[in-house]
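Remarks on the structure that follows.
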Amino acid sequence: MPELRLTNTLTGNKEVFEPRDPDRITLYVCGPTVYNLAHIGNARPVVVFDMLYRVLQLLFPSVVYARNITDIDDKIIASARERGETIDAITSEFTLKFREDVAQLNTLAPSLEPRATENIEAMQQLILRLIERNHAYTADGHVLFDVTSMEGYGALSGRNLDDMLAGARVEVADYKRNPGDFVLWKPSLADDPGWESPWGWGRPGWHLECSAMIRAHLGDAIDIHGGGRDLIFPHHENERAQSCCGYGGDFVRYWVHNAYVDMDGEKMSKSLGNVRTVRELLEVYPGEVLRFALLSTHYRSPLNFSGALLDQARNTLDAFYQALRQVETVEPVALADTETEAFAALLDDLNTPKAIAALHAASKELNKANADSLALCKGRLLANGRVLGLLERFPSDWFTQGAGDGPNAETIEALLEERLAARAARDFARADAIRNELQAAGIVLEDSADGTSWRRT
RNA sequence: GGCUCGGUGGCAGAGUGGUCAUGCAGCGGAUUGCAAAUCCGUCUACGCCGGUUCGAUUCCGACCCGAGCCUCCA
């Protein structure tokens, strides 16, 4: 069995992945808060952990991948008020749109998509446990986690309580015993959304849902917990505190975090207002281009987003599909996913750039292949692509469908016929005129021994 | 201020204690009626200063620069 290596935020090291139970791998990733459209930065962890999910599936017989939907949150409440809609309408709409958007990125659906509002009871039970074990206390209508009650609080983010005190920039609510204490349950006003609880009408704190849902759906402890780097503190640190103190044990064996998508050297975020939504990008680029672009940088490095990045991704995919288009009628040799160079690269901490380099090598080989090796070379390129969730479309569709609003296929074919006749009569002036006309409409012609093909640009 | 993570050739982007990343762009060729695509060849690199070493882009230390977290955020 080949070894998978992952960088574990908790230790800071690249480690060999050793599952708790090889027959049931558990992966949990923080999902969206559904109050607006996903942007390309939100899409990064979705694609990165889809990649991890695929690799785990190739290595183990059963992988449970849970990605939560946060459907109760102050942002959602505010958004509902602003738009004059119910919370339910907002969260339903954006849950659906989120699923549609990420499906376009060739991501597999997770095994489970637990919703926060369907797990309130599990959250309340966790709070009760934490109070029982003296890790939490009630104050001023809130239930708070006492960070000093946990030995090793701060280990995930590399902080200690003194550091946090020294760097505190926030005014501390006076009902907190320690400045770092965080809310498990907070009171809601009578007309605010909320649930009955032993502590009155209220709603869960920010970090509670993931702890409770992991316990409810995956068990006391899981193999891998993923998310964006910015979740390390406080979200994952607090999640870890809740679960470790509530249930004991390891909770998570490997913490994996992706870096963000930058916009002009700055983080892309809702608060900075420099976001590009997946939905708007999909109007211009196929989802596969977005996926390729997101995989072109290693997941732990920042990815600088730009139009040039996407254009280059598209050009590269064009080249791969071009190679496949030449051999569309060749039956490829079947090659197992686990025998590909791309898979080998992914085993090393999801080295997607290296896997993509394997794609280039396979593509070049296919272009140079002779009649005897065509089927094998085609099989190799397809298998490497498949491992990455790429190159799964028919090449001719890739080039001819597109979002272009130029001439339709019939018109183009008719002009090709005319040009063919002109060339046969050595009337190159007419032939070139047709080519130029089509080029102006965004159609590129390519002559070869087998005839002329076309593609949209 | 505290903590964390980075600085690789024109650009994007891997990796390594000692002959290769890879791609795009550029340049030169092959091919082509002209193109496109493709193929062949080719140039440019490891922030700065010390240290360890036979040898450092790779290890160690200082410094400079950048980003992130410490407040909702992938």
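A, B, ... follow the sequence lines: proteins, then strands. Residue 1 opens every chain. Side chains included, hydrogens not; waters and symmetry mates left out as well; all remaining heavy atoms used.
- For A/His257, the side chain to side chain donor-acceptor pair (under 3.5 Å) test picks out A/Thr9, A/His236, with sequence neighbours left out.
- For B/A74, one of the phosphate oxygens OP1 or OP2 lies less than 4.0 angstrom from a side-chain nitrogen or oxygen of A/Asn42.
- Contacts of A/Arg229 with the nucleic acid, taken as non-hydrogen atoms under 4.0 Å apart, involve only primed sugar atoms and P, OP1 or OP2.
- The side chain of A/Asn258 has B/A74 as its nearest neighbour among B/U38, B/G33, B/A74.
- Within a heavy-atom distance below 4.0 Å of RNA chain B, the residues of residues 413-423 of chain A found are A/Arg419, A/Arg423.
- Checking B/A37, B/C39, B/C73 against the side-chain heavy atoms of A/Lys368 singles out B/C39 as nearest.
- Residues that satisfy the side chain to side chain donor-acceptor pair (under 3.5 Å) test with A/Arg291, not counting sequence neighbours, are A/Asp50.
- When all heavy atoms are compared, the tightest approach of A/Pro114 to A/Ala66 is CD-CB, 4.5 Å.
- A/Ser296 comes within 4.0 angstrom of the backbone, heavy atoms only, and of no base.
- Between A/His360 and A/Phe320, a ring centre-to-centre spacing shorter than 6.0 Å is recorded.
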| 5'-to-3' dot-bracket of RNA chain B (Watson-Crick, G-U; under 3.5 angstrom; crossing pairs as [ ]; | other strand) | (((((((..(((.....[...))).(((((.......)))))....(.(((..]....))).))))))))....

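- Residues meeting the side chain to side chain donor-acceptor pair (under 3.5 Å) test with A/Arg115, sequence neighbours left out: A/Asp71.
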Dump the pairs, protein N or O against N or O of nucleotides 20-24 of chain B, anything under 3.5 Å, distances to one decimal.
| unit_1 | atom_1 | unit_2 | atom_2 | d |
| --- | --- | --- | --- | --- |
| B/G23 | N2 | A/Gln312 | NE2 | 3.4 |

